Amino acid sequence: MLSTIADYTRLTTDMSKSMTQVATQPDVSRDTDYFLSHIGNVKTIDDFLNDYRLYSYAMKAYGLSDMTYAKAFMRKVLTEGVSDKDAFANKLSDTRYRQFATAFNFAALGDQATSTTAATTGTATQYVTQTLEENAGNQNEGLRLALYFTRKASTITNAYQILADKALTQVVQTAMGWSSTISSSDIDAQAKMITDKIDLTEFQDPIKVTKFVQRFAAMWDATQAQSDNSTNPALVLIAGASTSVNLDTDMLTTLQNIRFNR
């Protein structure tokens with residue numbers, strides 16, 4: 001059963017409906033209402049960092065929950081902004097910090113930084129998207145990765161952006177059938193491997209992105225099925241521990257139908 005493909009199709013066929021379902025969940029709705037009704041009162045970086053509920057909501061919205069504790073780090077991100085090419089956020093390989101500093105641009109806008117669309121409804125939309133992906137990941141990590149890649153694909157302009165993001169790297173390696181062990185090789189060699197096999201400009205085309213993600217989903221399900229079968233004690237007893245696991249006909253047909261070629 002191709003669960004990742006099926007779930008991905010179900011969620012993305014009507015993404016607006018999927019987003020609305022998440023947005024109206026009681027906890028999400030409650031947190032969003034608080035954020036939208038209070039963020040306009042924030043006039044300084046200190047105000048922002050000192051209201052944990054607002055600050056943690058914003059951090060989650062931009063995929064930075066694991067850095068919520070690092071207030072000194074985030075203060076530097078916000079203080080220097082993004083206008084100067086040498087600003088702290090611009091020097092970080094992780095583009096999420098630039099996105100965060102752009103949304104909450106205290107450096108350029110001062111006490112008006114939290115009144116922009118990006119800081120208000122834009123952040124709320126990001127929060128719902130993150131929650132949708134997290135919920136998906138709780139059921140199927142492959143589905144979370146597929147949704148994340150779909151959202152980020154159009155921002156990819158070079159291979160190093162992929163390699164700087166563990167989730168993007170995992171999607172590409174899985175879709176292309178590459179072992180994760182290649183991540184230990186030279187970074188430039190990895191980048192060349194990607195650009196030799198994938199035309200990154202195709203990630204600007206939603207149809208081609210969908211095709212690539214479908215290939216990832218099929219490969220993910222195939223890998224998971226193979227792993228589950230190979231570690232199932234009953235199957236080992238019946239078939240022998242050295243017996244290889246074969247993909248079923250439906251899986252092979254699916255992979256053939258969604259091959260991603262340059």
Side-chain angles (χ1 to χ4, degrees), residues 4-5 7-19 61-64 82-83 85 89-103 105 116-118 121-134 136-137 141-178 182-183 187-220 254-262:
T4 304
I5 291 179
D7 288 343
Y8 176 80
T9 301
R10 174 179 56 79
L11 285 173
T12 58
T13 296
D14 190 345
M15 184 58 84
S16 177
K17 179 181 178 181
S18 298
M19 291 279 285
Y62 289 89
L64 295 169
V82 293
S83 298
K85 64 180 179 63
N90 289 334
K91 289 184 175 181
L92 297 171
S93 60
D94 192 331
T95 59
R96 292 176 299 176
Y97 296 104
R98 268 198 305 283
Q99 294 166 358
F100 190 86
T102 300
N105 200 347
T116 66
T117 299
T121 54
T123 296
T125 299
Q126 291 269 55
Y127 184 89
V128 173
T129 301
Q130 286 287 338
T131 304
L132 171 68
E133 293 174 7
E134 285 185 9
E141 179 63 11
L143 178 59
R144 183 191 70 80
L145 290 167
L147 293 170
Y148 178 76
F149 187 89
T150 300
R151 176 164 60 87
K152 300 288 288 185
S154 65
T155 69
I156 298 172
T157 58
N158 62 71
Y160 294 99
Q161 289 174 298
I162 295 173
L163 296 171
D165 186 313
K166 290 182 179 179
L168 295 181
T169 299
Q170 187 173 8
V171 170
V172 168
Q173 288 178 348
T174 302
M176 302 306 293
W178 298 335
I182 66 172
S183 292
I187 191 73
D188 293 328
Q190 293 181 61
K192 185 176 187 302
M193 187 174 181
I194 291 172
T195 54
D196 282 349
K197 297 296 183 181
I198 303 172
D199 181 355
L200 297 180
T201 63
E202 294 192 347
F203 290 155
Q204 302 302 311
D205 183 339
I207 294 175
K208 291 179 179 177
V209 169
T210 297
K211 186 176 181 180
F212 188 83
V213 173
Q214 287 176 333
R215 176 172 176 80
F216 157 77
M219 293 291 287
W220 174 273
T254 299
L255 289 172
Q256 286 295 322
N257 289 338
I258 57 177
R259 282 179 298 183
F260 186 83
N261 298 314
R262 289 194 59 172

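Bear in mind that the values here come from a model prediction, so they are computed numbers and not experimental data.
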(message) For residues 146-171, which residue pairs pass the salt bridge (charged side-chain N to carboxylate O under 4.0 Å, His left out) check, not counting sequence neighbours?
(response) Glu133-Arg151

(request) Could you pull out all residues at least two apart from Arg144 that satisfy salt bridge (Lys or Arg N to Asp or Glu O under 4.0 Å)? (result) Glu141

(message) Measuring from atom CE of Met15 to atom CG of Leu132, what distance do you get when rounded to the nearest 0.5 angstrom?
(response) 5.5 Å

(message) With a 4.5 Å cut-off on side-chain heavy atoms, are Leu200 and Ile162 touching?
(response) yes

(message) So Trp178 and Lys197, do their side chains get closer than 4.5 Å, heavy atoms only?
(response) yes

(message) In the structure I gave you, are the side-chain heavy atoms of Leu92 and Arg98 within less than 4.5 Å of one another anywhere?
(response) no

(message) I need the minimum non-hydrogen distance between Ala89 and Val82, along with the two atoms involved.
(response) CB-CG1, 4.5 Å

(request) Starting at CD of Glu202, measure out to CD1 of Ile207 and round the result to the nearest 0.5 Å. (result) 11.5 Å

(request) First locate atom CD of Gln173, then atom CE of Met219, and finally report the distance between them rounded to the nearest 0.5 Å. (result) 11.5 Å

(request) Go through Met19 and Thr125 one step at a time and tell me if the side-chain contact (heavy atoms from CB on, under 4.5 Å) criterion holds. (result) CA-CA 9 Å; Met19 291 279 285; Thr125 299; 4.0 Å; yes

(request) Under the ring pair (Phe, Tyr, Trp, His ring centres under 6.0 Å) rule, collect the residues that match up with Tyr148, sequence neighbours excluded. (result) none

(message) Is it the case that the side chain of Arg96 and the backbone of Tyr62 share a donor-acceptor pair, with hydrogens and angles ignored and the cut-off at 3.5 Å?
(response) no

(request) Output all residues satisfying ring pair (Phe, Tyr, Trp, His ring centres under 6.0 Å) with Tyr97, sequence neighbours left out; order by chain, then residue number. (result) Phe73

(message) Using every non-hydrogen atom in the two residues, find where Ala191 and Leu163 come nearest and quote the distance to one decimal.
(response) N-CD1, 3.7 Å

(request) Would you mind reporting whether Leu11 and Leu147 have side-chain heavy atoms less than 4.5 Å apart? (result) yes

(request) Would you name the heavy atoms of Thr201 and Asp199 that are closest together and state the gap between them? (result) OG1-OD1, 2.6 Å

(request) Decide yes or no for Thr12 and Thr150: does some side-chain heavy atom of the first lie under 4.5 Å from some side-chain heavy atom of the second? (result) no

(request) Taking atom types as modelled, find out whether Thr169 and Gln190 have a side-chain donor-acceptor pair closer than 3.5 angstrom. (result) no

(request) Drop me the distance from Thr210's OG1 to Arg215's CZ, to the nearest 0.5 angstrom. (result) 15.5 Å

(message) How close do Thr123 and Ala118 get, counting heavy atoms only, and between which atoms?
(response) OG1-O, 2.8 Å

(message) Rounded to the nearest 0.5 Å, what separates atom CZ in Phe100 from atom OG1 in Thr102?
(response) 11.0 Å

(request) Give the minimum heavy-atom separation between Phe216 and Gly142, together with the two atoms involved. (result) CE2-O, 3.3 Å

(request) Look at the side chain of Thr174 and the backbone N and O of Trp220, then say whether any donor-acceptor pair between them is shorter than 3.5 Å. (result) no

(message) For a quick check under 3.5 Å, do Gln161 and Thr157 share a side-chain donor-acceptor pair by atom type?
(response) yes

(request) Identify the heavy atoms of Ala61 and Gln126 that sit nearest to each other, and give their distance. (result) O-CB, 3.3 Å

(message) Tell me every residue that passes salt bridge (Lys or Arg N to Asp or Glu O under 4.0 Å) with Asp14, counting only those two or more places apart in sequence or in another chain.
(response) none

(request) With rounding to the nearest 0.5 Å, note down the distance linking CD in Gln99 to OG1 in Thr155. (result) 7.0 Å

(request) With sequence neighbours excluded, tell me which residues meet side chain to side chain donor-acceptor pair (under 3.5 Å) with Ser93. (result) none

